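Structure record follows, encoded as structure tokens.
Just so it is clear, the structure is predicted and the values come from calculations on it, not from any experiment.
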Amino acid sequence: MSRFDDMIQGLQEDVKIPENVWRGYTETLTRLPEKGGYAKRRDGRKKEYTGRQGKRSAGGIGMLKAAALILASVTFLGTGAYAAGKYFGILDFLKGNGNTAALPPVEAEELIVPVAEEEQQKTEITEGMAADYTVKEAMCDSESIYVVVEAKAKEEGRYLFVPEDAIAEDPVRDWGIDSDLSAGEYAASKNLEIMHVNAGIQNTEELGIAVSTIYFQWVEDDVMDIMIECGKTERGKTLDVVCTGILWDESMTSMEDILRTEIRFTLTDISDAEVISYRPADVPEIPGVAVIEKAEVVQTKLGTYVEIIYRNDNGENFDGPAFRLANDNAQEHRIRMASGTEMLGSGEYFWKLSLEKREFGDSILLEAYDGHTKEVYGTFELVKA
């Protein structure tokens, strides 16, 4: 087992990953070629990431320890296709998570903006693309991006679109079809060809994206809505976003076979952010692991973000701890995303924790732990600077 696989399986203790998603993910990695293009983009956690654009200098490489959340998460929102011209939007996806606390505050809904067709520049990278990809709506604040992309077959009645990680044995109910059949059985019953769809943001380094989670929802047999949720470190108010839609089937054995479409559009951050500085309350050292230097809490309408700067002089082989709220009820304050460890240079490291919207008092109690073994290294308190 690779170090990455070991990390993912450890992560499952903290994040509920459906069995069929995990199985499909591992089978897909085995099946796809291990070179360039799509495989490299999907395995984006291996890509070196320089600095924190817009906030700190590019002083080193990012290790992105927790980028395992690039795993596609199949989301079940309900059954029945929307009427013509409708789609599953950001709020529909968030509601479909089954966690009402995951919904952003009502005032954050004004951040959701539709993306008109004329605002999108589309390029079919490969010939023979069998689906049209269209960005439907997007939302961002200073720390996060949400994008809904729709894949729609150019030829109706021929395909069954399934999530990129799905396998024939997976129940179609997992992505919203009101049936107890598996994907293979359902496709055979309607004489459809199975095609795997996915979408993601391509210019991750430019936007400072280390982690993405992807959700799928059936609209019709050959129409799939896909939501991309990711954290970012680029805080510019105007963001040039490049999305990629992909399509493939079991007959495709090389990277050249996989069908790809590129979509470019501009996303404007219309949110307001409040940044509150914190410092260690007492001795800031977690022996042998980290010396906490400072932290910031960023509050937006969409969420709450805790950014930690710490030091460790163990050199390049240092793996870094993970951080979370101490004594926290996960059902009350769900961890949406963690950035992973980013080296800023000269023994200085960065970690960002994205939480559902919440308020902190004058102090925050955090816990440092090993993301692989779950060993708790220690707790420390931060107080307002």
Side-chain angles (χ1 to χ4, degrees), residues 49 51-58 62 64 66 69 90-91 94 101-115 137-148 201 203-213 227-241 265-279 292-310 323-325 328 333-340 342 344 348-364 366 382-385:
Y49 170 57
R52 299 193 63 228
Q53 300 180 27
K55 185 173 183 183
R56 294 186 176 84
S57 62
L64 308 180
L69 290 181
I90 292 171
L91 287 179
L94 294 177
L103 289 174
V106 173
E107 58 267 25
E109 295 181 16
E110 67 188 38
L111 303 181
I112 300 174
V113 294
V115 183
E137 63 182 31
M139 170 174 69
C140 76
D141 61 8
S142 61
E143 314 295 320
S144 302
I145 296 177
Y146 293 77
V147 180
V148 170
I201 294 178
N203 56 330
T204 54
E205 289 192 16
E206 179 183 337
L207 297 175
I209 295 172
V211 182
S212 295
T213 307
M227 185 179 79
I228 307 158
E229 175 188 11
C230 54
K232 67 180 179 69
T233 58
E234 170 53 52
R235 288 182 175 174
K237 283 294 186 179
T238 301
L239 306 173
D240 293 322
V241 181
F265 70 99
T266 299
L267 179 59
T268 301
D269 177 9
I270 59 176
S271 71
D272 294 318
E274 178 187 12
V275 181
I276 306 168
S277 297
Y278 284 77
R279 60 173 176 79
I292 309 301
E293 294 187 333
K294 60 182 178 180
E296 288 182 345
V297 172
V298 182
Q299 295 281 14
T300 74
K301 292 180 179 179
L302 186 54
T304 300
Y305 309 88
V306 181
E307 301 183 346
I308 303 165
I309 303 294
Y310 68 94
F323 296 94
R324 61 192 174 198
L325 300 181
D328 186 50
H333 299 299
R334 182 174 68 101
I335 296 176
R336 287 166 44 197
M337 221 171 279
S339 71
E342 179 186 334
L344 299 178
E348 192 175 56
Y349 296 82
F350 167 82
W351 178 277
K352 181 167 79 174
L353 192 62
S354 300
L355 304 169
E356 290 162 357
K357 184 67 176 176
R358 60 161 296 165
E359 297 294 333
F360 289 113
D362 291 334
S363 67
I364 307 170
L366 294 174
L382 297 171
V383 295
K384 284 185 179 180

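- In this structure a side-chain-to-backbone donor-acceptor pair under 3.5 Å is missing from Lys352 to Ile308.
- Residues Ala138 and Ile90 come closest through the heavy atom pair C-CD1, 3.8 Å.
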Worksheet item: Given Leu325 and Leu355, is the side chain to side chain contact (heavy atoms under 4.5 Å, CB included) satisfied, shown in steps?
Response: CA-CA 10 Å; Leu325 300 181; Leu355 304 169; 3.8 Å; yes
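- The minimum heavy-atom distance between Ser144 and Leu302, with the atom names listed, is CB-CD2, 4.2 Å.
- We find the OH-CG distance between Tyr310 and Leu344 to be 9.5 Å, quoted to the nearest 0.5 Å.
- The structure places CD of Glu307 at 10.5 Å from NZ of Lys294, a figure rounded to the nearest 0.5 Å.
- Proximity of a side-chain donor or acceptor of Lys232 to a complementary backbone N or O of Thr204 within less than 3.5 Å is not detected.
- In this structure, the separation between CD on Glu143 and OG1 on Thr300 is 7.5 Å, given to the nearest 0.5 Å.
- Aromatic ring orientation, Trp351 versus Phe323: perpendicular (interplanar angle above 60°, classes split at 30° and 60°).
- No donor-acceptor distance shorter than 3.5 angstrom exists from the side chain of Ser277 to the backbone of Ala385, with no hydrogens or angles considered.
- Taking 4.5 Å as the limit, every side-chain heavy atom of Leu382 sits out of range of all side-chain heavy atoms of Phe360.
- To the nearest 0.5 Å, the span separating CE on Met227 from OG on Ser212 amounts to 11.0 Å.
- Residues Val115 and Val147 form no side-chain contact, since every pair of their non-hydrogen atoms from C-beta on lies 4.5 Å or further apart.
- Distance check, rounded to the nearest 0.5 Å: CD of Glu205 to CD of Glu234 gives 13.0 Å.
- Ion pairing between a basic and an acidic side chain is recognised when a charged N comes within 4.0 Å of a carboxylate O; Lys301 and Glu109 show no such pairing.
- The nearest pair of heavy atoms linking Ser354 to Tyr305 is OG-CD2, 3.3 Å.
- Side-chain atoms of Lys237 come within 3.5 Å of backbone N or O of Ser271 as a donor-acceptor pair.
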Practice prompt. Please lay out, stage by stage, how Ile145 and Ile228 fare under the test side chain to side chain contact (heavy atoms under 4.5 Å, CB included).
Written response: CA-CA 8 Å; Ile145 296 177; Ile228 307 158; over 6 Å; no
Item to complete: Let me see the working for Arg279 and Val383 under side chain to side chain contact (heavy atoms under 4.5 Å, CB included), right down to the final yes or no.
Response: CA-CA 6 Å; Arg279 60 173 176 79; Val383 295; 3.6 Å; yes
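- Put simply, the side chain of Glu137 never gets that close to the backbone of Ile112: no donor and acceptor are under 3.5 Å apart.
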Worksheet entry | Criterion side chain to side chain contact (heavy atoms under 4.5 Å, CB included) on Leu111 and Ile270, from CA distance to verdict | CA-CA 7 Å; Leu111 303 181; Ile270 59 176; 3.7 Å; yes
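- Taking the side chain as every heavy atom from C-beta outward, Val148 and Tyr146 never approach each other to under 4.5 Å.
- The only option from Arg358, Lys357, Glu274 that meets the side-chain hydrogen bond (donor to acceptor under 3.5 Å, both in side chains) definition with Gln299 turns out to be Lys357.
- A distance of 7.5 Å separates OG1 in Thr268 from CG in Leu239, rounded to the nearest 0.5 Å.
- Taking the side chain to side chain contact (heavy atoms under 4.5 Å, CB included) definition, one finds that Asn203 meets it with Ile201, Glu206, Leu207, Val242, sequence neighbours left out.
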